[in-house]
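Both ligands and their constituent atoms are indexed starting at 1 by order of listing.
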Amino acid sequence: MRAVTIQEGGGLTVAEHPDPEPGAGEILVRVRAAGLNGADLQQRAGRYPAPPGWPQDIPGLEFAGEVAATGPGATRFTTGDRVMGIVGGGGQAELVVTHERAVMPVPDALSWEQAGGFPEVFLTAHDAIVTQAGLRPGERLLVNGAAGGVGTAAVQLARIVGAAPIASVRHPELHDGVRALGAAHVVVPDDVADLGPFHVVLELVGAPNLRTDLSGLATGGRIVVIGVGAGAKTEINLLALMGSRGRILGSTLRARPLEEKALVTRRVEHEVLPLVDDGRVVVPIDATFPLAQAVAAYDHFAAGGKLGKIVLTV
Ligand SMILES: NC(=O)c1ccc[n+]([C@@H]2O[C@H](COP(=O)([O-])OP(=O)(O)OC[C@H]3O[C@@H](n4cnc5c(N)ncnc54)[C@H](OP(=O)(O)O)[C@@H]3O)[C@@H](O)[C@H]2O)c1
């Protein structure tokens with residue numbers, strides 16, 4: 001099979017690899033589309049190796065495609081079924097092997113491109129704001145970095161929960177696009193402080209925002225730190241945290257064991273996929289590139305200023 005391949009020194013190419021084979025409980029998927037994520041760029045730069053058991057030189061945390069074969073004891077899907085899911089690595093390839101419990105069916109409403117860009121960001125956003133932060137109807141959610149993949153998912157999920165999403169987006173030309181996804185307010189980061197208090201903050205940018213996150217936190221508020229692209233270290237005032245009786249949570253998805261990934265996947269399968277089918281949840285795609293143009297896709301991702309996802313078509 002052909003796959004995006006990280007070369008020594010951080011180069012990127014598309015190279016031949018042996019076809020993987022499904023083991024017990026696993027399925028072989030003929031990949032049609034695979035989304036890009038910040039983690040792929042970090043892995044390419046040598047800063048974020050894949051967890052043990054996943055390909056180290058093939059990036060890609062998510063994919064969508066057709067079941068091509070099933071391993072012994074795998075009974076959930078049959079050949080030809082449309083599936084999508086997260087993997088610890090290796091998604092940006094013509095073939096992927098994964099456990100049948102780690103995937104979900106692709107709703108008819110999603111194109112291959114949309115399906116390839118769905119799993120990582122919707123699972124991350126749902127797990128962070130619904131499962132971990134316990135976002136409730138009537139609450140106000142601040143999403144910092146709301147124009148990206150996780151942010152555009154979180155804005156939509158907050159609306160479905162019955163909460164009010166407030167989006168911080170540094171590029172004004174993307175504000176209308178984020179508003180169209182259901183954001184109650186879309187502001188540049190400097191204006192966030194005027195819009196509090198926030199019951200939940202989804203922090204996708206990192207440490208520079210923590211002071212504002214804390215000062216704008218409602219009583220009993222929760223800050224969930226998911227991304228630290230702008231920095232991981234800062235000084236915070238613990239008195240402010242105590243005063244709001246707040247909580248700061250942090251999370252990663254990639255290194256979790258199969259059992260936890262399957263659970264996160266089931267929650268989204270049951271709670272979000274029906275809303276995709278009736279058009280209440282969409283997957284904004286900023287750009288698609290064929291697998292052979294992976295380098296251009298990575299460059300586009302690194303340039304920023306996008307709305308939603310960048311997806312490789314396979
Ligand atoms: N913990 C986990 O399990 C997990 C899972 C998925 C993703 N993540 C991380 O979460 C973050 C968001 O993921 P994503 O898929 O949504 O990434 P993304 O599509 O690249 O979106 C990131 C967004 O944050 C904005 N941003 C970045 N730096 C900023 C800054 N200094 N000030 C203001 N806005 C800034 C970007 O704006 P520009 O376009 O202007 O740069 C972009 O809109 C990434 O760091 C990613 O690695 C973590």
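A donor-acceptor contact under 3.5 angstrom links the side chains of Asp286 and His300, judged on distance only. In the model, Glu203 has a side-chain atom that pairs as donor or acceptor with a side-chain atom of Asn209 under 3.5 Å. No hydrogens or angles considered: a donor-acceptor pair under 3.5 Å links the side chains of Tyr298 and Gln92. Counting only N and O atoms by type, the side chains of Gln132 and Ser251 include a donor and acceptor under 3.5 Å apart.
Within a 4.0 Å radius of atom 36 (C) of ligand 1, the protein contributes no heavy atom. Not a single protein heavy atom sits closer than 4.0 Å to atom 46 (C) of ligand 1.
At under 3.5 Å, a nitrogen or oxygen of Lys306, whether backbone or side chain, sits near a nitrogen or oxygen of ligand 1. Looking at ligand 1, you'll find an N or O of Leu253 within less than 3.5 Å of one of its N or O atoms. Residue Gly305 has at least one N or O atom closer than 3.5 Å to an N or O atom of ligand 1. Considering backbone and side-chain N/O of Thr124, none are found under 3.5 Å from N/O of ligand 1. Residue-to-ligand polar distances keep Ala230 apart from ligand 1: every N/O pair is separated by 3.5 Å or more. Checked by distance only, ligand 1 and Ile226 come closer than 3.5 Å through their nitrogen or oxygen atoms. For ligand 1, the polar-atom distance check against His171 finds a nitrogen or oxygen pair separated by under 3.5 Å.
Under the 4.5 Å side-chain criterion, counting only non-hydrogen atoms from C-beta, Leu28 is in contact with Leu95. Proximity of Arg222 to Val201: side-chain heavy atoms (C-beta onward) are nowhere separated by under 4.5 Å. With contacts defined as side-chain heavy-atom distances shorter than 4.5 Å, the pair Phe118/Leu123 does not qualify. Side-chain atoms of Ile223 and Val200, non-hydrogen and from C-beta on, never get closer than 4.5 Å to each other. Proximity of Val283 to Leu110: side-chain heavy atoms (C-beta onward) are separated by under 4.5 Å at one or more points.
Heavy atoms of Ala146 found under 4.0 angstrom from ligand 1: none, in either backbone or side chain. The proximity of Val150 to ligand 1, defined as any non-hydrogen pair under 4.0 Å, involves the side chain as well as the backbone. With a 4.0 Å cut-off on non-hydrogen atoms, Lys309 does not touch ligand 1 at all.
For ligand 1, the atoms lying closer than 4.0 Å to a non-hydrogen atom of Gly304 are 39 (O). Residue Phe301 has at least one heavy-atom neighbour below 4.0 Å for each of these atoms of ligand 1: 20 (O). For ligand 1 and Glu120, the ligand atoms under 4.0 Å from any heavy atom of the residue are 5 (C), 6 (C). Remark: ligand 1 atoms within the under-4.0 Å shell around heavy atoms of Gly227 are 9 (C), 10 (O), 11 (C), 45 (O).
Closest approach of Gly89 and Pro55 over heavy atoms only: O-CD, 3.9 Å.
Ion pairing of Arg32 with Glu66 is present here, as a side-chain N (NZ or NE/NH1/NH2) and a carboxylate O approach within less than 4.0 Å.
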Report task. Would you sort out whether Arg44 and Gln7 count as a side chain to side chain donor-acceptor pair (under 3.5 Å), showing the intermediate values? Result -> CA-CA 8 Å; Arg44 178 186 183 184; Gln7 299 166 304; over 6 Å; no
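Nearest to atom 25 (C) of ligand 1 among the protein's heavy atoms is Gly145 CA, 3.9 Å. Nearest protein heavy-atom neighbour of atom 11 (C) of ligand 1: Leu204 O, 3.5 Å. Shortest contact from atom 43 (O) of ligand 1 to any protein heavy atom: Gly148 N, 3.4 Å. Shortest contact from atom 26 (N) of ligand 1 to any protein heavy atom: Val205 CG2, 3.9 Å. Among protein heavy atoms, atom 1 (N) of ligand 1 sits closest to Ser251 O, 2.7 Å. Of the protein's non-hydrogen atoms, Arg170 NH2, 3.5 Å is the one closest to atom 28 (N) of ligand 1.
Arg76 pairs in a salt bridge (charged side-chain N to carboxylate O under 4.0 Å, His left out) with only one of the listed residues (Glu269, Glu100, Glu26), which is Glu269.
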